[in-house]
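A short write-up of the structure that comes next.
Please read these numbers as outputs of a predicted model, since none were measured by experiment. Hydrogens, waters and symmetry mates are skipped; everything else that's a heavy atom, side chains included, is used.
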Amino acid sequence: MSEYILAVKAGVLDIWGHDPSVSLFKNGELIFAAEEERFSRDKHANGQKPSNAIREALDYAEITFSEIDKIVIPFDPSTAHKVVPDLLKGKARAQGGFLQKGYWMGRTAVQSAKMKFFLRDILNREFAEFGDVPPITFRQHHRCHAASAFYPTDFDSAVTVTLDGRGEYDSTVIWQGTPEGLERVRTYDYPNSLGAFFGIITKYLGFRPHNGEGKVMGLAPYGERNEEIESALRSVIETGVDYDVTELFVDVWEESVQKLEQILGHDRHQTGKEFTQFEKDLAYTAQRLLEETVVEIVEHYAEELDETNVALAGGVALNCKMNKRVMESEAVDSLFVQPVANDGGLPLGAGMLENTPSDTPPMRDAYWGVEYGEAEIEKLLKLNKIQYHQPDDISSYIANKLANGKLIGWFQGRFEIGPRALGNRSILADPRTAESRERVNKYVKHREEWRPFAPSILAEAADEYLVNAEESPFMIKTFDIKQEKKKELEAVLHPGDDTTRPQTVTFDQNPRYYNLIDEFEERTGVPVVLNTSFNDHAEPIVNQPVEALKDFYGMGLDLLVLGDFVVEKSK
């Protein structure tokens with residue numbers, strides 16, 4: 001009889017928090033994973049119960065809720081109370097007036113008490129809509145991050161570092177992963193948070209924390225070293241293995257940004273205006289200080305623990321520029337970064353903790369979501385009287401279109417988990433010209449023109465194009481491009497520093513996508529396509545065929561490929 005374990009992400013103060021998601025395991029193996037945002041169509045699905053994701057997981061496995069043997073929650077209410085004093089101090093410092101202070105202190109204390117004493121009862125009521133609720137188990141937030149990073153690797157052992165805003169009470173944790181599991185080596189307690197530090201910079205620059213940090217990373221290469229900014233930041237933070245950012249962060253974004261304005265002597269960025277050189281320099285400096293700190297942490301504990309393998313997870317590990325610096329360290333032989341490094345990946349680790357690392361299969365791809373059959377897609381096209389055709393060789397046909405400059409919506413198989421499209425819910429374009437990048441930004445993605453795009457490259461060609469090439473199937477590592485190859489990849493180089501964030505593709509990982517890129521190489525001599533996520537600005541990556549159709553007609557795409565079917569705006 002099969003054992004089913006459902007791991008469900010719950011938040012700290014509002015039950016579900018940001019990025020609610022689920023993972024379903026059968027006899028210890030992951031069979032389904034998805035974030036709720038893909039179904040609710042609300043980016044990050046903040047505070048939403050992942051009801052849709054749970055139903056889709058059950059449908060995929062063809063089971064009922066009563067057949068689930070255990071629910072695992074990646075949050076430990078027995079330790080959450082440790083953070084309450086710092087939360088109270090932060091709220092009290094930030095709010096003016098007794099009533100406001102009292103409100104925040106009372107609200108925080110009550111909610112934390114719920115987490116500590118009543119979370120199981122709350123979750124039983126929340127899950128009751130699905131049927132009889134199985135036993136509920138809790139796992140530590142950062143331990144789940146660590147398991148998601150270390151368990152699905154080929155490493156016998158590794159320094160494992162988890163970095164985010166906050167778990168229950170910790171913000172950065174050093175672990176040693178071994179065949180037996182994970183040993184906690186050092187904890188950097190909240191509010192000493194690298195995620196919070198970068199979040200303050202994010203909000204100062206006009207973006208939303210927990211969402212816009214990647215934009216700050218993308219803006220950083222347009223800046224340069226600025227002694228004034230660096231000196232100001234170093235006056236309130238310490239970097240390195242004993243980093244300390246607590247003087248800057250007061251647990252309320254607005255108050256922290258006001259403090260940063262005073263420290264820098266400059267007002268925050270006004271949304272809608274062009275970035276000044278000062279603001280670009282701030283992004284550069286913040287990125288540099290983050291890299292400096294994480295590399296020193298990794299190098300210190302690699303030496304102390306006598307390890308050369310490194311695994312990373314937590315929201316900060318989505319910073320692929322930082323990952324590049326870690327990867328290039330002489331102390332590191334091999335690096336694995338969990339592709340769903342943010343809180344959406346917590347259920348992966350929560351479920352993996354039910355096994356041992358040696359019983360966990362290596363993570364080779366991220367295709368764990370919903371799939372739509374050909375009959376279902378064709379029925380939708382006919383129902384909406386949409387003209388379509390079915391080429392004999394879909395890869396050859398679309399490769400021709402790409403080589404002739406067409407912009408393609410590419411919808412195939414099970415959707416990818418995490419923030420990156422990896423060839424199943426992708427927008428594709430010719431990677432060879434800067435004009436191609438500009439067209440995708442302006443007419444398709446409707447986003448800032450300075451933001452870069454990434455390539456998908458045949459794995460066997462990686463050495464030909466990438467400096468110090470290695471396997472990178474998840475678009476979460478950044479590489480330099482060999483000088484003689486830059487002209488072939490203008491659309492997928494960062495305009496500020498000529499780096500790129502590739503996805504290496506093998507036939508075993510994704511046969512149809514591999515064949516498409518291979519056919520494109522036959523026509524152009526370049527084994528690479530521009531690949532960006534199939535979504536319009538500020539919306540989640542598409543899930544259903546109907547969403548792909550909506551975006552197709554709302555974007556400047558030329559063709560849409562839904563499985564075996566092709567829809568064209570003009571032939």
Side-chain angles (χ1 to χ4, degrees), residues 7 21-26 28-35 38 53 56-57 60-61 147-155 311-313 317-318 320 323 334-342 344-349 351-352 355 357 359-372 395 410-428 454-462 466 469-477 479 501-518 527-529 531-534 541-543 561 563:
S21 55
V22 306
S23 295
L24 180 63
F25 293 78
K26 179 181 179 180
E29 290 195 19
L30 177 67
I31 62 170
F32 181 91
E35 300 106 319
R38 301 295 180 88
E56 291 290 350
Y60 179 83
S148 78
F150 174 66
Y151 277 49
T153 69
D154 292 322
F155 303 154
L312 301 178
L318 290 176
C320 58
N323 297 340
S334 297
L335 171 67
F336 178 83
V337 185
Q338 168 54 237
V340 199
N342 62 349
L346 284 169
L348 296 173
M352 290 172 186
N355 294 318
D359 291 328
T360 304
M363 192 170 185
R364 303 299 188 195
D365 61 62
Y367 309 117
W368 298 105
V370 179
E371 182 173 12
Y372 297 89
S395 297
W410 183 256
F411 184 104
Q412 303 289 328
R414 300 181 71 178
F415 70 65
E416 311 92 330
I417 56 172
R420 310 291 180 217
L422 300 170
N424 278 7
R425 299 292 188 276
S426 293
I427 290 169
L428 308 178
S456 295
I457 181 171
L458 297 183
E460 61 267 29
L466 308 177
E470 61 179 59
E471 179 181 333
S472 182
F474 303 119
M475 273 190 182
I476 203 164
K477 299 176 183 178
F479 296 81
R501 187 192 69 220
Q503 173 199 6
T504 55
V505 182
T506 68
F507 183 84
D508 289 342
Q509 290 163 347
N510 195 326
R512 175 165 284 191
Y513 193 42
Y514 179 94
N515 287 338
L516 171 61
I517 303 171
D518 187 53
V528 181
V529 296
N531 171 20
T532 187
S533 56
F534 197 161
I541 299 173
V542 298
N543 165 24
V561 186

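- Looking only at distances, a side-chain donor or acceptor of Arg425 sits under 3.5 Å from a matching main-chain atom of Gln412.
- One finds the CD1 atom of Ile541 at 12.0 Å from the CZ atom of Phe411 (value rounded to the nearest 0.5 Å).
- Between Phe32 and Tyr60, the ring planes are tilted. Angles from 30° to 60° get that label.
- The heavy-atom pair separating Leu348 from Ser148 by the smallest distance is CB-CB, 4.4 Å.
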Evaluation steps, side-chain contact (heavy atoms from CB on, under 4.5 Å), between Arg38 and Phe415: CA-CA 9 Å; Arg38 301 295 180 88; Phe415 70 65; 3.2 Å; yes
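- With hydrogens and angles ignored, the 3.5 Å screen pairs a side-chain donor or acceptor of Glu416 with a backbone N or O of Gly423.
- Taking 4.0 Å as the cut-off between side-chain N and carboxylate O, Lys477 and Glu470 count as a salt-bridged pair.
- With rounding to the nearest 0.5 Å, the separation of CE in Met363 from OG1 in Thr153 is 12.0 Å.
- Counting heavy atoms from C-beta on, the side chains of Phe534 and Asn424 never come closer than 4.5 Å.
- Nearest heavy-atom pair, Leu318 versus Ala341, reported as atom, atom and distance to 0.1 Å: CD2-CB, 3.9 Å.
- Asn531 and Ser426 form a side-chain donor-acceptor contact under 3.5 Å, judged by distance and modelled atom types alone.
- Here the side chains of Lys26 and Leu24 are not in contact, with every heavy-atom distance at 4.5 Å or above.
- Here the CH2 atom belonging to Trp410 is positioned 9.0 Å from the OH atom belonging to Tyr513, to the nearest 0.5 angstrom.
- Atom CD of Glu29 is separated from atom CG of Asn355 by 9.0 Å, given to the nearest 0.5 angstrom.
- Nearest approach of Leu422 to Tyr367, heavy atoms of both residues: O-OH, 2.5 Å.
- At least one donor-acceptor pair closer than 3.5 Å links the side chain of Arg414 to the backbone N or O of Trp368.
- Closest heavy-atom contact between Ala462 and Thr504: CB-CG2, 4.2 Å.
- Distance alone, capped at 3.5 Å, places no donor-acceptor pair between the Glu35 side chain and the Ile417 backbone.
- Residues Ser456 and Gln503 bring a donor and an acceptor atom of their side chains to less than 3.5 Å of each other.
- At distances below 3.5 Å, not a single donor-acceptor pair connects side-chain atoms of Gln509 with backbone N or O atoms of Asp365.
- The minimum heavy-atom distance between Ser533 and Ala421, with the atom names listed, is CA-CB, 3.4 Å.
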Intermediate values then yes/no, side-chain contact (heavy atoms from CB on, under 4.5 Å), Leu428 and Leu516: CA-CA 11 Å; Leu428 308 178; Leu516 171 61; 3.4 Å; yes
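- Relative ring orientation between Phe507 and Tyr514 is described as perpendicular, the plane-to-plane angle rising above 60° on a 0-90° scale split at 30° and 60°.
- Residues Met352 and Pro152 meet the side-chain proximity criterion, which asks for heavy atoms closer than 4.5 Å.
- The shortest non-hydrogen separation linking Pro502 to Ile457 is CB-CG2, 4.2 Å.
- Under the side chain to side chain donor-acceptor pair (under 3.5 Å) criterion, Asp154 pairs with Arg364, sequence neighbours left out.
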